[in-house]
Amino acid sequence: MPRTLFDKIWDAHVVDRLEDGTCVLYIDRHLVHEVTSPQAFEGLRMAGRKVRRVENTIAVVDHNVPTSAERLTEVNEPESALQIATLEQNVKDFGVTYFPMSDVRQGIVHVIGPEQGISLPGMTIVCGDSHTSTHGAMGALAFGIGTSEVEHVLATQTLLQKPAKNMLIRVDGKLPEGCSGKDIMLAVIGKIGTGGGTGYVMEFAGEAIRALDMAGRLSMCNMSIEGGARAGLVAPDEVTFEYIKGRPFAPKGADFDAAVAYWKTLPSDEGAHYDKIVELRAEDIIPQVTWGTSPETVIPVTGSVPNPADEPDAAKRAQMERMLSYMGLEAGQKIQGTKIDVVFIGSCTNSRIEDLRSAAAVAKGRKVAQGVRVLVVPGSGLVKQQAEEEGLAKIFTEAGFEWREAGCSMCLGMNPDKLTPGQRCASTSNRNFEGRQGPGGRTHLLSPAMAAAAAVTGVITDVRELI
Amino acid sequence: MDKFTTLTAIAAPLNIDNIDTDKIIPARFLKTIKRTGLGKSVFADMRYNADGSDKADFVLNQEPYRKAQILVAGDNFGCGSSREHAPWALLDFGIRCIIAPSFADIFFNNSFKNGILPIALPEEICAKLREDAAMGGNARLTVDLERQMVVRPNGEEIPFQVDPFRKHCLLGGLDDIGLTLEHAAAIDSYESKIPAWTPKIQGA
Ligand code: SF4
């Protein structure tokens with residue numbers, strides 16, 4: 001029977017099957033960070049268990065590290081410092097490889113996995129973080145788990161899982177200039193809604209996906225979770241293999257060739273069954289921006305904020321009204337021209353070198369608008385280094401943007417980079433929930449190029465007018 | 001993990017769709033290294049004013065819902081992050097069962113691991129249960145996991161679906177890790193067949 005990419009990876013990892021169809025699924029890569037792991041290690045300790053396979057496990061700090069230049073010497077918030085210290089003790093006690101803040105390889109867990117060649121095609125990859133879906137862009141089955149499951153993987157190197165259903169998102173055509181993988185994904189979420197992918201693994205295919213670089217594919221898979229899917233997938237191809245070749249933890253020499261030969265067997269077979277198919281035309285996509293407090297509240301930058309009065313369902317109408325009042329927007333207003341206070345370029349969605357290049361292309365030779373604060377936060381120490389070598393950092397600092405150290409930063413209000421109540425932010429991150437970037441903060445999700453356009457104009461702007 | 005067998009309790013109606021994990025437990029409360037103690041922060045931004053006082057209109061601040069053990073919620077409950085702090089916070093408050101038209105996957109999973117039973121029922125039924133819940137202290141819902149029934153205050157029984165394995169674990173309060181380790185031989189044998197080209201994460 002023809003199988004999908006998901007089916008193939010799944011089948012290759014079933015260790016055992018229980019009566020009711022639940023599978024004991026083998027996990028190839030387990031990424032660990034400071035926020036969702038302390039209770040898991042504590043559980044191991046209490047039960048007298050070890051980490052079963054340290055060679056499948058990697059730990060890093062990202063969520064609550066400061067991103068200031070002085071972060072190695074300055075005093076962190078005491079609770080954050082405790083979580084970091086706890087992780088450091090745990091990796092030492094259990095013998096897990098770890099990238100501390102002082103290591104140039106440190107960064108957001110979903111940036112460093114692919115960057116280091118740790119996340120590879122055909123693998124099962126988990127992490128106590130919902131955006132683990134990101135790694136699916138490598139052609140791997142990658143999904144987020146809770147802390148109990150983190151403990152379960154540490155102890156057994158497996159998870160108890162039932163297979164998901166297959167969804168195909170096909171995007172054909174050519175993506176217009178000024179648009180990126182982020183815009184495609186926001187359009188997808190706008191179309192299917194935040195619950196549209198629940199119970200599915202989303203495979204992205206079609207001409208426009210094949211044409212994306214790895215960064216674009218990673219940002220799309222990153223936000224599969226915002227579409228309700230637990231995982232996103234892109235079939236591995238030459239772009240993938242080229243990206244992996246030579247990365248520190250990737251197979252080398254003859255091993256690489258053997259790996260590629262296997263990876264080439266992974267793409268979905270002709271005629272494989274999908275339970276749901278969604279189709280989009282790339283040339284219809286216009287730079288996207290969210291207006292509300294759910295990622296599905298997407299409109300093209302040329303559009304207007306919807307009017308709750310047009311919504312027949314009372315509960316939905318009330319929800320829209322609540323969103324508008326939280327966001328400080330008027331029904332029917334044009335989204336373009338909305339004044340912003342802060343711009344955040346970063347997060348596991350959009351902090352890779354390609355993202356920074358596209359932001360820098362807009363920022364080049366321009367200056368930050370008056371009264372706007374702009375944070376540019378590379379996804380890893382290595383991205384930071386590369387951006388400095390390529391002269392991107394100089395473009396940002398000359399434009400008056402802050403150039404910071406790697407971490408999750410303002411993607412979530414857990415570290416010193418936060419919005420204050422009422423502040424409006426143009427953000428390249430993935431969630432616009434109430435209070436996500438700091439209590440009372442207002443988030444508009446958009447692409448790195450759109451964020452840079454907002455930074456230099458001080459308002460939400462159609463980046464196509466600046467390129 | 002505490003067993004879940006039959007629960008008769010006050011149910012709180014929370015008719016909002018897409019309650020995300022940032023609403024259930026905002027990020028600033030995730031900096032704990034323990035599983036307990038989060039109950040006072042559950043729904044913090046919906047529950048407290050900026051000065052820390054209670055928001056009177058939030059259901060869990062009202063009697064008798066301060067003692068609610070069941071939540072009847074809206075669609076797509078628990079969407080957002082994977083944080084298990086969400087079920088930990090609900091559990092620490094006293095919630096043992098959540099009924100909603102649908103749940104986000106990771107939250108749904110995490111609930112079972114902590115002895116919380118999430119039940120998905122069609123919106124029309126959830127609407128009826130929310131009406132029951134709105135009757136306050138005079139009404140109790142019963143959730144009978146063994147028989148897979150929700151019993152309304154008027155005695156009407158509503159059947160629900162639950163995965164047999166998860167039901168078994170909840171009824172017995174069983175730890176997944178112990179159960180999985182019964183498959184240790186199969187795991188060993190799987191590991192012995194991992195292709196030789198697979199890199200190891202070692203020697204940083
Ligand atoms: S960057 Fe944001 S979404 Fe990504 S892992 Fe960090 S906190 Fe989560």
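So that the names make sense, note that chain A is the first sequence line, chain B the second, and so on, each numbered from 1. These values consider heavy atoms only, across backbone and side chains, with no hydrogens, waters or symmetry-generated copies.
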Which heavy atom of B/Leu181 sits nearest a heavy atom of A/Ala155, and at what distance?
-> CD2-O, 4.4 Å

Under 4.5 Å heavy-atom distance to chain B, tell me which part of A/Thr156 shows up: side chain, backbone, both or neither.
-> both

Sort A/Glu42 into side chain, backbone, both or neither according to what part of it lies under 4.5 angstrom from a heavy atom of chain B.
-> neither

Interface moiety of B/Phe29 toward chain A, non-hydrogen atoms closer than 4.5 Å = neither

Is chain B contacted by the side chain of A/Ala40, its backbone, both, or neither, given a heavy-atom distance below 4.5 Å?
-> backbone

Applying a strict 4.5 Å limit to non-hydrogen atoms, the region of A/Arg436 in contact with chain B is both

At a heavy-atom separation under 4.5 Å, does B/Asp17 approach chain A through its side chain, its backbone, both, or neither?
-> both

Relative to chain B, which of A/Ile145, A/Asp28, A/Thr132, A/Ile118 shows the most heavy atom pairs under 4.5 Å?
-> A/Ile145

Rounded distance [0.5 Å steps], CZ in B/Arg28 versus NZ in A/Lys418 | 9.0 Å

Contact origin within B/Asp175 toward chain A - heavy atom pairs under 4.5 Å | side chain

Under 4.5 Å from any heavy atom of chain A - which part of B/Ser189 = neither

Chain A heavy atoms under 4.5 Å from B/Lys34: which part of the residue, side chain, backbone, both or neither?
-> backbone

Mind listing the closest non-hydrogen atom pair of A/Gly146 and B/Asn110 along with its distance?
-> CA-OD1, 3.2 Å

Can you tell which part of A/Lys162 gets under 4.5 Å to a heavy atom of chain B, answering side chain, backbone, both or neither?
-> side chain

Output yes when a side-chain donor or acceptor of B/Glu84 lies under 3.5 Å from a complementary backbone atom of A/Thr147, and no otherwise.
-> yes

Contact part of A/Ala250 toward chain B, heavy-atom cut-off under 4.5 Å: side chain, backbone, both or neither?
-> backbone

For B/His183 and A/Asp16, does a side-chain donor sit closer than 3.5 Å to a side-chain acceptor?
-> yes

